[in-house]
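Have a look at the structure below before the remarks.
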Amino acid sequence: MRKIPWRPILQTIFAIALMVLGTIFFYKNRGEVRAVAHAFRQAHPAYLIIAFVAAIVTVVAQAQAIRLAYVSIEKNVTLWECISLYLKRFFLSPFIPGGFSVAQYTLTKDLAHYEMKQSEHAFASTAYVIVSMSSYLILLVPTVLLASNTLSSNQGRTTEIAYALVMLVLIGALVGVLFRRTILQRIRKWVAPHVGHFHSTPLYKAFGVCLLVDISGILMLWSAIRSIDAQISIPVAAGAYIITILVLTISPLFQGILVVESVLTFFLTQAGVPAGDALAGTLIFRGFQLWLPLIVGGGLYVWPLYLQAREHLGMGN
């Protein structure tokens, strides 16, 4: 009796299910997708290019932070593999309870050829999540305070300089605390039984890379708003970005869909951006921050899975 090839059948079903879910999602949110397309048609190309470059930098920097988390335990994963891994996890995050943070613990089989233990994958994923959250938290309080100050006083350049100085002081203080030998010794003692070797320097680098992620996100948002001729200062753009990440973290909906747009538009209107421009700029920002990596990640995840299932089922020809 011929054995039924359950694995490729299940892979095919899963691939089809994801494509169906993706189709339903895009259909239900077709109004926003059309609004994004309309906003893009009205925007200035130069600022769109800046936002696009910032989006690419964000993806590459996120992947580099993941790679450095593995390097900290002497696993030299390539950057290209981490880019693919990040985009696939971004695509899967809406379908996993807990969202993007939990998605970082998936798809470890993509790195199976490195012969890592599950505890090593878990450590690298946890290190990446902690480092990325640390960079966000270090920006949170001063950004909100300075953005509020800008909204109330509209002092522009002076506030931007103050923002930069406060950021440098806080980052320097955090790095100084982390470099204390007693803390590092405790971390090494706790980690060693689980991963064998641990080096802290790559995680410091990952922290710097995650700061680059947040800076790129702020630039992406600023460019999106400027692309439709609206005026916005860097501190206000930073405050809007911080609020966006906060909403993404606590929202029960997929990637904060509709909630982020509403909150971000409201914040920008309070900053003096006309309501129509605020909405258009928000949609452009979401086009780069959400839809671009989602579509690319979906292609990277679903298409190879579909081809593999076809090959196993003898449908290749």
Side-chain angles (χ1 to χ4, degrees), residues 32-33 35-68 78-91 93 100 128 131-132 135-136 138-139 143 147 160 163-164 167 171 205-245 248 255-256 260-261 264 268 271 273 277-300:
E32 175 171 330
V33 175
V36 169
H38 179 70
F40 268 81
R41 286 194 295 268
Q42 293 184 323
H44 291 292
Y47 285 108
L48 291 182
I49 292 173
I50 294 173
F52 177 75
V53 172
I56 298 300
V57 170
T58 298
V59 171
V60 174
Q62 292 275 25
Q64 176 66 357
I66 294 173
R67 191 188 77 83
L68 288 169
T78 67
L79 179 60
W80 286 113
E81 287 173 321
C82 290
I83 290 174
S84 174
L85 191 62
Y86 169 77
L87 288 170
K88 288 180 181 179
R89 286 172 172 175
F90 190 93
F91 170 72
S93 61
F100 184 73
Y128 163 70
V131 168
S132 61
S135 68
Y136 167 72
I138 204 69
L139 291 170
T143 294
E160 292 180 11
Y163 175 76
M167 286 291 86
I171 292 169
K205 294 179 180 178
F207 175 76
V209 171
C210 286
L211 283 175
L212 177 61
V213 169
D214 292 322
I215 292 170
S216 297
I218 293 170
L219 178 62
M220 193 192 313
L221 179 55
W222 177 85
S223 301
I225 304 302
R226 292 291 291 117
S227 70
I228 39 90
D229 282 334
Q231 298 297 320
I232 183 173
S233 68
I234 295 297
V236 171
Y241 171 80
I242 290 296
I243 290 174
T244 298
I245 301 302
L248 285 173
Q255 286 291 322
V260 169
E261 286 78 0
L264 193 52
L268 291 172
V273 179
D277 292 343
L279 178 58
T282 296
L283 293 175
I284 291 172
F285 168 69
R286 291 288 273 173
F288 288 113
Q289 181 263 334
L290 169 62
W291 298 107
L292 179 62
L294 182 73
I295 292 170
V296 176
L300 288 173

### Task
Starting at CZ of F288, measure out to CD1 of I56 and round the result to the nearest 0.5 Å.
9.0 Å
### Query
Closest heavy-atom contact between V273 and A278?
CG1-N, 3.6 Å
### Message
Within the structure provided, determine whether Y86 and F91 are in side-chain contact (heavy-atom separation under 4.5 Å).
### Response
no
### Task
Just do the side chain to side chain contact (heavy atoms under 4.5 Å, CB included) check on I232 and R226 with the steps written out, would you?
CA-CA 7 Å; I232 183 173; R226 292 291 291 117; 4.2 Å; yes
### Query
In a check of side-chain contact (heavy atoms from CB on, under 4.5 Å) between M220 and each of V57, V53, T58, I50, which one passes?
T58
### Message
How close do A54 and S216 get, counting heavy atoms only, and between which atoms?
### Response
CB-O, 3.5 Å
### Task
Enter the distance from C210:SG to I66:CD1 here, rounded to the nearest 0.5 Å.
9.0 Å
### Query
Less than 4.5 Å apart, any side-chain heavy atom of L219 and any of S223?
yes
### Query
Between atom CG of L48 and atom CD1 of I228, what is the distance when rounded to the nearest 0.5 Å?
10.5 Å
### Query
What distance separates L79 CG from Q64 CD, expressed to the nearest 0.5 Å?
5.5 Å
### Query
How about T78 and R67: do any of their side-chain heavy atoms sit closer than 4.5 Å?
no
### Interatomic spacing from OG1 in T244 to CG in L264 - rounded to 0.5 Å
4.0 Å
### Task
Check whether any side-chain heavy atom of L221 sits under 4.5 Å from a side-chain heavy atom of T282, and report yes or no.
no
### Message
Any non-hydrogen side-chain atom of Y47 less than 4.5 Å from a side-chain atom of W222?
### Response
yes
### Task
Apply side chain to side chain donor-acceptor pair (under 3.5 Å) to D214 and Y136, showing your working.
CA-CA 7 Å; D214 292 322; Y136 167 72; over 6 Å; no
### Query
Got a second to check how far F285's CZ is from L268's CG, nearest 0.5 Å?
10.0 Å
### Query
Would a 4.5 Å heavy-atom cut-off, applied to side chains only, mark S227 and I284 as touching?
yes
